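Notes follow the structure.
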Amino acid sequence: MKAAYFALLLCATALAQTKSGDSKAGAAKSNLLDPSSLTAQAPETFQVKFATTKGNVTVMVTRAWAPLGVDRFYNLVRAGFYTDAAFFRVIPGFMAQFGLSPRPDVSAAWQSARIADDPVTQSNTRGRISFAMAGPKTRTTQLFISYGDNSRLDAAFSPFGEVTEGMDVMDQIYSGYREQPNQGSIQAEGKAYLDANFPMLDRITSATIVTAPAAAKPTGAAKQ
């Protein structure tokens, strides 16, 4: 009887854990479909690690550079928005653009979730990351990382962070298609469109917030 009881208890525990995991996954999926639920304020500084099909890229983000953009970026990363997103527009010497969801339903949800512009406080030099936009107050989810000195963009595009590790990885991102992928088709058909027509594109396999290490205690500090 005891063996049967414990077996039943283990099954119940496993089922509860599975339901809990499903619930969390469902919550994350639901959040991605509801931009109004992703409005947390970002820390003043933090790092994001992009794992890509070419290697890892680490970006240091500074909220004071562009607070509205940083808050949006922080929430998108935490919700898993950039998982499996392709670098769909890559122009050597200029920039690598990404930030369209591989899921059409998610793209539809964010298409009108625009944020106001931030004042430009930094320059779009090599390694800086900024939101792409089609005019004033049109920033949503798309980003670009500059390959060269793009200071000519400083009139409108506000950098909010910079690559601190992995710029050599960014230099290897596939650029053979340049501007061929159609953004409207990516939004409408998602990953299926890119896989069928542009199979060489590199992707982000995951994007995660990296917690800064705790400050080391001074040598010889007095014992409490």
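Only a predicted model underlies this, so the values are computations on that prediction, with no experimental measurement involved. In what follows, residues are counted from 1 in the order of the sequence shown.
- Across every non-hydrogen atom of Leu201 and Phe87, the tightest pair is CD2-O, 3.3 Å.
- Rounding to the nearest 0.5 Å gives a distance of 8.5 Å between CG of Asn150 and CE of Met95.
- Within the model, atoms CD1 of Ile145 and CZ of Arg128 stand 12.5 Å from one another, a figure rounded to the nearest 0.5 Å.
- Around atom NZ of Lys54, more than 12 heavy atoms belonging to other residues, nucleotides or ligands sit under 6.0 Å away.
- Pairing each heavy atom of Thr83 with each of Ser206, the nearest pair is OG1-CA, 4.3 Å.
- Neither Val90 nor Phe157 shares a network with the other; the hydrophobic side chains, linked directly or stepwise wherever heavy atoms of I, L, V, M, F, W or Y lie under 4.5 Å apart, form separate groups for each.
- The residue from Phe131, Trp65, Tyr74 that alone fulfils the ring-ring contact (aromatic ring centres under 6.0 Å, His included) condition with Phe160 is Phe131.
- Among all heavy-atom pairs drawn from Asp34 and Ser36, the shortest one is OD1-OG, 2.6 Å.
- The structure places OG1 of Thr141 at 8.0 Å from CD of Gln187, a figure rounded to the nearest 0.5 Å.
- Within the 4.5 Å cutoff, the side chain of Asn56 has no heavy atoms near those of the Val169 side chain.
- The nearest pair of heavy atoms linking Met133 to Asp117 is SD-OD1, 4.0 Å.
- Within the model, atoms OH of Tyr82 and CG of Leu143 stand 3.5 Å from one another, a figure rounded to the nearest 0.5 Å.
- Shortest non-hydrogen contact noted between Thr140 and Arg114 is CG2-CG, 3.8 Å.
- Within the 4.5 Å cutoff, no side-chain heavy atoms of Val48 are placed close to those of Val210.
- Tyr174 and Val163 are not part of a single hydrophobic cluster, where members link through side-chain heavy atoms under 4.5 Å apart.
- Of the inter-residue distances, the one linking Phe88 atom CZ with Ile186 atom CD1 reads 5.0 Å to the nearest 0.5 angstrom.
- Heavy-atom minimum distance, Gln172 versus Asp202: O-OD2, 4.0 Å.
- With hydrogens and angles left out, the side-chain atoms of Glu162 and Gln122 include no donor and acceptor closer than 3.5 Å.
- In this structure, the side chains of Arg139 and Arg72 stay at 4.5 Å or more apart for every pair of heavy atoms.
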